[in-house]
Amino acid sequence: MSKVIAVFGAGTGLGVSVARRFGREGFRVALVARRKDALDTLVGRLADEGIEAAAFPADLTDTAQVSALIGAIRDRFGRIDVVEYGPIGGDQLFTPAKDLDARTLERLSRLFLLTPVEVVRAVLPEMTERGDGAILLSHGGSAVRPAPCMSGLGPVMAAARNYLYSLSGELADTGVYAATLTVNAVIDGSELADFGRKLYAEAADAADADAPTATEIPSVDPDDLAECYWDMYTHRDRVEEARPATPVSQAGGAAGGVPLMNLGLDTAPACTDGVCAR
């Protein structure tokens, strides 16, 4: 039976690129996101490329749906070998730390911390029993290097990253691989790409830095990110990788200034050139 990857937060950017990259290697694909019509379109695109995929509409802010969701994927495909979790939505905004409140953190935590933890709990017994599997979590650069006016998302993703590092160490001898890809830019092709550029520029402006224009915000090809994930999955030799690996400052990439999406790799364990060893 061919392997299965479940892509949580499947969209027109990273999600479909990951589905396509793993699908080319013979994986069947479970696509999970809120909108059924958008998922059905992606399923059709993948089918045209000879990749078997199925849509699983779900609200990933509701942890109570996780058990039934994982059950539905298993009912359709018989197994889950890889989880890639990287949702984002137009209502997931940066918040200045001085304006942050518990209600905002609670809302963000459901999507970026609580649900991925529940997903892992649901798939891990199967993977450890089989002695093979992978948990891949995507994060933004603010999870690693905080910046003025870019709180809210950052602290919650940082907590998920902390969890992932602990999980990776605990699973080291089980055959189950846990890793994170930190995306240090706007993802081209995403439905939210233009919105993301505007958001980062506004955050830089609010921080009273030399704010870049929306066109100066760094971007990354989702196919390159998917290829990175495939390399991480096949080699299993690092717990974290960053793309782009080069730090980007609010001064449009020049040294100095307050970091906009600066990964700050010196803060992560055993990191060299954007790669963190397991």
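Scope of the values below: all heavy atoms of this structure, side chains included, with no hydrogens, waters or symmetry mates. Predicted model, so just to flag it, every value in this text is computed and none were measured.
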| task | Work out which heavy atom in A30 is nearest to a heavy atom in F56; give both atom names and the distance. | result | CB-CE1, 3.6 Å
| request: For Y229 and S17, test the side chains for any donor-to-acceptor distance below 3.5 angstrom and give the result as yes or no. | output: no
| query | Does R24 CZ have over 12 foreign heavy atoms under 6.0 Å away? | reply | yes
| Do E126 and R79 meet the salt-bridge criterion of a basic N to acidic O distance under 4.0 Å? | no
| task | Evaluate side-chain contact (heavy atoms from CB on, under 4.5 Å) for Y165 paired with E240, printing each intermediate quantity in order. | result | CA-CA 9 Å; Y165 262 88; E240 182 171 17; 2.7 Å; yes
| query | So do the side chains of L105 and V156 get within less than 4.5 Å of each other, counting heavy atoms only? | reply | yes
| field | I5: which of V18, V83, I80 passes side-chain contact (heavy atoms from CB on, under 4.5 Å) | value | V18
| said: Any donor-acceptor pair under 3.5 Å linking the side-chain atoms of H139 with those of T182? | reply: no
| message | I need the single residue from V16, I73, V43 that forms a side-chain contact (heavy atoms from CB on, under 4.5 Å) with L31. Which is it? | response | V43
| Are Q65 and T115 side-chain neighbours, meaning at least one heavy-atom pair lies under 4.5 Å? | no
| message | Does either side chain, that of R28 or that of S2, offer a donor lying less than 3.5 Å from an acceptor on the other one? | response | yes
| So how far is it from T63 OG1 to L69 CG, rounded to the nearest 0.5 Å? | 12.0 Å
| Mind checking whether V4 and V82 have side chains closer than 4.5 Å, heavy atoms only? | no
| Nearest heavy-atom pair of A53 and F77: which atoms, and what distance? | C-CZ, 4.4 Å
| message | Checking side-chain contact (heavy atoms from CB on, under 4.5 Å) between V7 and each of V29, L14, L136, which is the one that passes? | response | V29
| Between the main-chain N or O of L164 and the side-chain N or O of S168, is there a donor-acceptor pair closer than 3.5 Å? | no
| field | Check ion pair E241-R243 (N to O, under 4.0 angstrom) | value | yes
| task | Flag the pair R107 / T104 as yes when at least one side-chain heavy-atom distance between them is below 4.5 Å, and no otherwise. | result | yes
| query | Could you give the distance from CD (E170) to CG (L167), rounded to the nearest 0.5 Å? | reply | 6.5 Å
| remark: Separation between OG1 (T234) and OH (Y177), nearest 0.5 Å, reads 9.0 Å
| request: Begin with the C-alpha distance, continue with both residues' side-chain angles, and end with the deciding distance and a verdict on side-chain contact (heavy atoms from CB on, under 4.5 Å) for D132 and T174. | output: CA-CA 7 Å; D132 184 57; T174 67; over 6 Å; no
| field | Shortest non-hydrogen contact between L153 and S142, atoms and distance | value | C-OG, 4.5 Å
| field | Side-chain heavy atoms of P57 within contact of R35, under 4.5 Å | value | no
| request: Indicate yes or no: at least one non-hydrogen side-chain atom of R45 is less than 4.5 angstrom from one of I51. | output: no
| said: I'd like to check R20 versus D223 (side-chain heavy atoms, cut-off strictly below 4.5 Å). Are they in contact? | reply: yes
| query | Taking 4.0 angstrom as the limit, do R238 and D231 come out as a salt bridge? | reply | yes
| field | E52 bridged to R76 by N-O distance under 4.0 Å | value | yes
| message | Working note: I135 + Y85, criterion side-chain contact (heavy atoms from CB on, under 4.5 Å); need CA distance, chi angles, decisive distance, verdict. | response | CA-CA 8 Å; I135 309 293; Y85 191 95; over 6 Å; no
| request: For residues A134 and V176, report the shortest heavy-atom separation together with the two atoms involved. | output: N-CG1, 4.4 Å
| said: Strictly distance-based, threshold 3.5 Å: is any side-chain N or O of R21 a donor or acceptor partner for the main-chain N or O of L225? | reply: no
| query | How far apart are the closest heavy atoms of A179 and M232, and which atoms are they? | reply | CB-CE, 3.7 Å
| message | Quick check for you: to the nearest 0.5 Å, what is the distance between L100 atom CG and L108 atom CG? | response | 8.0 Å
| task | Take the angle between the ring planes of F22 and Y233 and call it parallel below 30°, perpendicular above 60°, tilted in between. | result | tilted
| task | Locate the shortest heavy-atom distance separating L137 from P116; write the atom from each residue and the value. | result | CD2-CB, 4.4 Å
| query | Should R103 and E106 count as an ion pair when the cut-off is N to O under 4.0 Å? | reply | no
| request: Apply side-chain contact (heavy atoms from CB on, under 4.5 Å) to V117 and V120, showing your working. | output: CA-CA 5 Å; V117 167; V120 171; 5.9 Å; no
| field | Close side-chain approach of I187 and S219, heavy atoms under 4.5 Å | value | no
| said: Check K3 with E25, please: is the shortest side-chain N to carboxylate O separation under 4.0 Å? | reply: no
| message | Let me confirm one number: the OG-CZ distance from S138 to R161, rounded to the nearest 0.5 Å. | response | 13.5 Å
